Number of protein chains: 2
Amino acid sequence: MDKPTLPKTKRGQARRAQILDAAEQVIGARGFSAASIADITRGAETALGTFYIYFASKEELFRELVQEMGHATRAQVAGAIAKAPDRLSAERAGLEAFLRFVAARPALYRIVEEARFADPEAYQDYFSGFAEGYATGLREAEARGEVSPGNAEVRAWALMGMAKALGDRFVLWDDAPDIEHVVAEAHRMICRGLAP
Amino acid sequence: MDKPTLPKTKRGQARRAQILDAAEQVIGARGFSAASIADITRGAETALGTFYIYFASKEELFRELVQEMGHATRAQVAGAIAKAPDRLSAERAGLEAFLRFVAARPALYRIVEEARFADPEAYQDYFSGFAEGYATGLREAEARGEVSPGNAEVRAWALMGMAKALGDRFVLWDDAPDIEHVVAEAHRMICRGLAP
DNA sequence: ATGAAACATGAATCAGTATTCATGTATCCA
DNA sequence: TGGATACATGAATACTGATTCATGTTTCAT
């Protein structure tokens with residue numbers, strides 16, 4: 001009933017990690033409401049009741065997974081962007097890093113999308129936070145003259161949306177993803193647009 | 001048990017429509033798995049069992065709602081695009097029509113996004129079908145010299161993703177949507193990109 | 001007008017599953 | 001090394017909700 005604290009022993013820490021891993025797989029595969037606690041503990045090779053030693057509820061576990069995705073994505077993208085010499089290069093590197101992340105952890109990606117319904121606040125916070133950093137980067141680039149003037153917030157959301165849709169179609173739903181090719185094509189449009 | 005056929009009497013047709021209307025509202029508000037058949041029939045002011053006279057299951061009803069959204073969106077966007085003198089104008093008109101549709105029928109929009117989980121096949125079909133038409137339009141425009149050369153499929157998905165993200169942030173999650181402004185900003189990026 | 005087909009009803013059935021709890025077993029510090 | 005704390009177990013609880021069905025009522029072609 002009480003909100004569980006973090007585990008204190010080695011064994012406890014290992015169990016909690018097992019459950020989180022299994023949850024990523026099971027919820028990623030079946031979806032949040034279809035995934036039962038029993039499925040998750042079975043995947044973690046532990047007893048049903050053990051779940052509640054570490055998590056107060058299914059919802060709390062879910063929130064933790066969404067946050068994990070947030071941290072992991074930011075880390076991946078930020079790392080890739082850091083080395084870029086200018087903003088347009090950063091756009092390319094960031095998009096590629098995102099698509100590679102989707103390829104590497106499809107279950108987590110799906111979980112975030114499901115948060116739109118299962119935990120709308122966490123979902124909005126996740127993307128709003130991401131968009132804020134994105135827009136700031138664009139404004140700084142604009143000040144340095146690396147991108148044309150324009151509304152940074154609209155651009156940030158538009159670019160995030162592009163990345164998500166490309167992730168769906170050319171990574172998640174594609175048998176033989178060719179990330180490099182997709183990134184190259186998309187980047188050309190990001191830089192120059194459609195105008196002839 | 002058998003798959004119900006379409007109703008044969010006036011009364012039956014009216015009942016079925018009542019149930020579909022109520023379902024759009026209830027599933028749009030609570031989400032697919034949280035919305036119970038009882039909620040829906042209550043909204044339709046009819047008895048629980050009546051639902052199964054018209055629909056084989058909750059899933060079948062859901063599929064029908066997703067298809068309805070598909071038809072409605074296409075009609076809206078296609079109508080708006082038809083009058084455009086060239087492709088870049090068409091992009092602007094299509095984006096604006098889409099955002100206005102999201103504003104007008106948020107429940108249907110939400111239902112489509114939930115189909116990603118509740119009925120993945122319908123979801124993929126919906127967007128793949130849309131993308132196909134989109135890509136064809138871009139190829140024809142490229143042939144007419146109205147847009148620069150580039151991979152039409154990647155561009156189509158990227159543009160759809162942009163529209164979805166802008167719909168989320170600046171229509172669904174915004175207290176005072178300013179569609180015209182968002183469209184103007186986004187359209188500039190679609191035409192010219194970020195390059196200075 | 002009338003009876004067969006169509007439709008309406010809601011209690012009962014059936015299948016789950018989130019969460020709790022009483023009863024153990026492992027861990028680890030004093 | 002003992003015992004207090006942390007952790008493990010899975011059957012039992014408590015509840016929800018999709019689907020069925022036996023029993024009416026309405027519609028409408030004849």
Side-chain angles (χ1 to χ4, degrees), chain A residues 1-23 25-65 111 114-115 117-119, chain B residues 1-23 25-65 111 114-115 117-119:
Chain A
M1 195 85 251
D2 300 334
K3 180 167 176 175
T5 58
L6 288 176
K8 285 167 177 135
T9 67
K10 276 258 155 74
R11 184 175 53 144
Q13 286 154 18
R15 271 275 187 282
R16 193 175 195 277
Q18 276 174 40
I19 294 174
L20 270 173
D21 278 0
Q25 299 314 315
V26 172
I27 297 184
R30 299 213 216 312
F32 176 72
S33 44
S36 69
I37 305 293
D39 289 334
I40 293 169
T41 52
R42 200 175 307 123
E45 292 179 295
T46 189
L48 221 192
T50 304
F51 179 89
Y52 292 91
I53 296 171
Y54 299 106
F55 302 96
S57 66
K58 202 180 166 185
E59 277 73 20
E60 194 194 285
L61 164 75
F62 190 74
R63 230 167 285 139
E64 187 153 336
L65 285 176
I111 286 167
E114 195 157 17
F117 307 104
D119 191 342
Chain B
M1 194 90 248
D2 299 333
K3 179 169 177 177
T5 58
L6 288 177
K8 286 169 175 133
T9 67
K10 276 258 156 71
R11 181 175 54 145
Q13 285 154 18
R15 270 275 186 284
R16 192 174 194 278
Q18 278 175 38
I19 294 174
L20 270 173
D21 278 0
Q25 298 313 315
V26 172
I27 297 184
R30 300 213 215 311
F32 176 72
S33 43
S36 69
I37 305 294
D39 289 334
I40 293 169
T41 51
R42 200 174 306 121
E45 292 178 294
T46 189
L48 221 192
T50 303
F51 179 89
Y52 292 92
I53 295 172
Y54 299 106
F55 302 96
S57 66
K58 202 181 167 186
E59 277 72 20
E60 195 193 284
L61 163 74
F62 190 75
R63 228 167 288 138
E64 188 153 337
L65 285 176
I111 286 168
E114 197 158 15
F117 307 103
D119 191 342

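In what follows, every chain begins at residue 1, and chains take the letters A, B, ... in the order their sequences are listed. On a predicted model such as this, the values are computed, not experimentally measured, just so you know.
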Worksheet item: Can you list every pair that meets salt bridge (charged side-chain N to carboxylate O under 4.0 Å, His left out) and has a residue in residues 13-22 of chain A, with sequence neighbours left out?
Response: A/Arg16-A/Glu64
Worksheet, complete the sentence: A/Tyr54 meets the ring-ring contact (aromatic ring centres under 6.0 Å, His included) criterion, sequence neighbours left out, with none
Discussion item. Holding to ring-ring contact (aromatic ring centres under 6.0 Å, His included), I want the full list of residues that pass it with A/Phe117, two or more places apart in sequence or in another chain.
Written reply: none
Just how far, in rounded Å, is [atom2] of [N] from [atom1] of [X]?
X	N	atom1	atom2	answer
B/Gln13	C/dA8	CD	P	11 Å
B/Arg42	D/dA18	CZ	P	11 Å
B/Phe62	D/dA18	CZ	C1'	16 Å

Discussion item. Checking A/Asp119 now: which residues fulfil side chain to side chain donor-acceptor pair (under 3.5 Å) with it, not counting sequence neighbours?
Written reply: A/Arg63
Discussion item. So, OP1 or OP2 of D/dA8: does either fall under 4.0 Å of a side-chain N or O from A/Tyr54?
Written reply: yes
Within the sub-3.5 Å range, which N or O atoms of nucleotides 9-11 of chain D have a protein N or O partner, and how far apart are they?
unit_1: D/dT9; atom_1: OP2; unit_2: A/Thr46; atom_2: OG1; d: 2.6
unit_1: D/dT9; atom_1: OP2; unit_2: A/Ala47; atom_2: N; d: 2.9
unit_1: D/dT9; atom_1: OP2; unit_2: A/Thr50; atom_2: OG1; d: 3.3
unit_1: D/dG10; atom_1: N7; unit_2: A/Gly49; atom_2: N; d: 3.2

Discussion item. By nearest atom, which of the nucleotides C/dC7, D/dT19, D/dC7 is closest to the B/Pro7 side chain?
Written reply: C/dC7
Item to complete: With rounding to the nearest 0.5 Å, note down the distance linking CD in A/Gln25 to CG in A/Asp39.
Response: 13.0 Å
Practice prompt. Check every strand shown and say whether B/Ala35 touches a base, only sugar-phosphate, or nothing at a heavy-atom separation below 4.0 Å.
Written response: sugar-phosphate
Item to complete: Quick one, give me the B/S/- string for nucleotides 23-30 of chain C, reading 5' to 3', where B means a protein heavy atom under 4.0 Å from the base and S means that only happens at the primed atoms, P, OP1 or OP2.
Response: ---SSS--
